[in-house]
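Labels below follow one simple rule: chain letters A, B, ... track the order of the sequence lines, proteins then strands, and each chain is numbered from 1. The basis for the numbers below is simple: all heavy atoms, side chains too, and nothing from hydrogens, waters or symmetry mates. Small disclaimer: the values here were computed from a predicted structure and weren't measured.
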Protein chains: 2
Amino acid sequence: MTATGRQSEDIPAHAFAADLIAVLVAVTAGRPRVMTIDHGAALPSGPFAHDERSLQSGLRTWVERQTGHRLGYVEQLYTFADRDRATNGVRVISISYLALTRENREEAGKSGWLDWYSYFPWEDHRSGAPRHLPDIVARLRAWTKAATVPAQRHDRLRRVAISFGLDGRPWNEELILQRYELLYEAALVAEASRGRRGADAPLVSGQSMAFDHRRILATGIARLRAKIKYRPVVFELMPPSFTLLELQHAVEALAGRLVHKQNFRRLIEQQELVEETGAMAAATGGRPAKLFRFRREVVDERAVIGTKLPLTRA
Amino acid sequence: MTATGRQSEDIPAHAFAADLIAVLVAVTAGRPRVMTIDHGAALPSGPFAHDERSLQSGLRTWVERQTGHRLGYVEQLYTFADRDRATNGVRVISISYLALTRENREEAGKSGWLDWYSYFPWEDHRSGAPRHLPDIVARLRAWTKAATVPAQRHDRLRRVAISFGLDGRPWNEELILQRYELLYEAALVAEASRGRRGADAPLVSGQSMAFDHRRILATGIARLRAKIKYRPVVFELMPPSFTLLELQHAVEALAGRLVHKQNFRRLIEQQELVEETGAMAAATGGRPAKLFRFRREVVDERAVIGTKLPLTRA
DNA sequence: TGATATATACTCACATTGAGTATAATATCA
DNA sequence: TGATATTATACTCAATGTGAGTATATATCA
């Protein structure tokens with residue numbers, strides 16, 4: 001990946017290549033999954049064709065052809081054109097997208113759908129704070145102490161404390177990108193020491209990805225975690241009918257946190273986001289649950305699913 | 001596939017040009033201003049140079065050179081590559097940005113700084129609903145009736161009602177883009193009939209712009225109106241010291257709505273976003289006001305300026 | 001039968017928010 | 001000089017929203 005950036009005489013100054021990168025998300029059996037290629041080493045990406053009508057349609061046709069999934073929701077994430085994004089001297093502009101699709105139980109096992117927490121194990125707080133989180137924090141603390149100037153040290157300490165919810169601060173699941181960036185700066189993830197040498201600090205657990213794809217994934221997760229709080233996008237990930245507990249589990253999978261069951265139902269019902277199908281779920285243990293469907297009519301009415309999700313404290 | 005290596009030697013197949021477009025905002029004397037070129041006919045834009053480090057740095061250097069302003073805050077808006085964005089057969093990718101800068105009283109009059117409400121007169125509700133708003137709504141209603149199928153007619157009616165706060169619905173200042181798009185679809189803005197002929201419905205007041213620049217401006221305003229509610233970005237538009245009323249006026253200029261003065265102050269103070277400078281403002285009428293400065297340290301702490309702004313009802 | 005698991009209804013304390021009243025401190029002008 | 005306008009700032013209050021918990025209903029399974 002040597003980016004010479006040298007523009008030869010024959011390449012016009014405005015020659016760029018355009019790439020689309022997708023963070024394609026589904027929730028299967030209560031687990032948040034992301035579509036990957038190359039055995040989980042990269043996000044699916046491909047060139048933006050010259051004959052496509054628009055970026056969005058380019059992404060749609062390409063992803064739908066490749067995965068056989070209809071995309072429910074598509075949203076632009078970010079556009080990069082950093083100098084190291086170049087191949088054969090042609091500089092690449094990468095436009096990343098977040099796309100949501102319905103789960104597909106037949107495909108659940110195979111293909112490239114991976115639990116996104118295998119890339120960010122420290123982000124799953126559904127069973128309390130992960131066991132290795134104290135160790136991560138300890139190593140970040142060590143890194144803050146290695147700062148050269150006191151001001152820098154102070155700044156690092158503050159960022160770590162905010163991002164990881166230290167000193168009585170609450171854990172904020174939306175800060176996933178900030179946490180990843182701290183780990184990157186502290187060279188605790190494999191991507192950070194790529195290309196360099198000697199930097200062999202023991203790494204934090206969690207699978208890495210090629211290029212900056214793990215960073216893009218973090219961006220997508222952050223956007224989604226923020227969005228479910230004020231837009232009814234969870235439903236794009238649900239099957240046509242579902243129980244309220246299944247819906248809750250989907251939200252919890254995305255947020256990486258547990259929500260208060262009774263208050264969650266209150267929220268959903270008072271927003272009139274769903275309606276009963278009349279049928280009941282095949283019993284899965286206790287009292288049978290009603291099946292609901294999403295009231296799609298309500299999408300543009302309800303800008304908000306609720307200012308906040310009813311999270312549980314502990 | 002980026003991950004698996006690009007094998008094409010033929011550069012022309014993916015030759016794109018890259019353009020940066022800026023929605024550069026300032027607030028001068030309580031008026032929201034946007035930087036324009038060509039006597040207000042377009043947003044400033046320029047090619048992304050091959051030798052720039054990144055998109056963001058490209059935008060910064062270019063805007064700062066062109067306007068002499070230091071950019072306080074920069075945020076990516078959206079990337080377009082629609083087929084009609086082509087020059088000499090070279091397809092153009094446009095990356096739009098929102099950028100905030102401090103007011104500059106010397107420049108207030110000259111240069112291309114224009115009140116953004118000259119492009120969206122119906123968006124300024126600081127002195128109540130604009131006089132011509134009923135007329136706009138009436139013309140949109142007429143357009144809904146012109147729908148061919150009943151379902152379409154119903155859909156249009158609903159969108160108009162939501163976007164313009166009809167039937168008891170509240171006015172939502174963040175829906176500026178949706179409102180503009182409705183006016184575009186109804187061919188009530190000049191841009192809509194460009195290139196076509198015969199479509200000479202009487203237009204709604206408000207200056208138009210070249211290309212889709214007015215749409216990009218609406219996107220930027222929408223983003224900013226949403227952002228001031230949960231991030232302390234207003235301060236990027238303020239001088240180093242200011243009174244609370246000046247701060248309030250800036251917020252009102254952006255939101256296009258009045259806020260409740262006492263509650264606004266309560267919000268600002270309880271969030272500890274500002275501190276007294278010790279000095280007082282040169283009296284401008286009544287009791288002299290304390291001067292405040294923004295506590296920049298607090299930026300990453302306070303993710304939120306308050307879940308909502310304390311708007312006034314009437 | 002009772003242990004267990006889920007569904008669902010309701011209560012309650014507390015914080016937040018929208019709105020308004022009251023009072024203080026200055027400038028302006030008749 | 002004193003009335004009036006204008007802005008600043010401190011409080012109060014009702015309504016609503018939010019976090020948390022209790023209670024009860026309806027299943028399965030040992």
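Aromatic ring pairs are classed by plane angle as parallel below 30°, tilted from 30° to 60° and perpendicular above 60°; the pair B:Phe242 and B:Phe235 is tilted.
Distance, A:Tyr230 OH to D:dT18 C1': 21 Å, rounded to whole Å. Computed from coordinates, the B:Phe264 CZ to C:dG20 P distance equals 19 Å when rounded to whole Å. A:Gln271 has its CD atom 13 Å from the C1' atom of D:dT18, to the nearest Å.
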Distances for protein N or O near nucleotides 8-15 of chain D N or O, under 3.5 Å:
residue: D:dA8; atom: OP2; partner: B:Lys261; partner atom: NZ; Å: 3.2
residue: D:dA8; atom: N3; partner: B:Arg287; partner atom: NH1; Å: 3.4
residue: D:dT9; atom: OP2; partner: B:Arg265; partner atom: NH2; Å: 2.7

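Judged as a ring-ring contact (aromatic ring centres under 6.0 Å, His included), and not counting sequence neighbours, B:His249 has no contacts.
B:Ser241 and B:Arg293 share no side-chain donor-acceptor pair at under 3.5 Å. Side-chain atoms of A:Glu75 and A:Tyr73 include a donor-acceptor pair closer than 3.5 Å.
For A:Arg126 and A:Trp171, the positive end is not near the middle of the six-membered ring at less than 6.0 Å and at most 45° from its axis.
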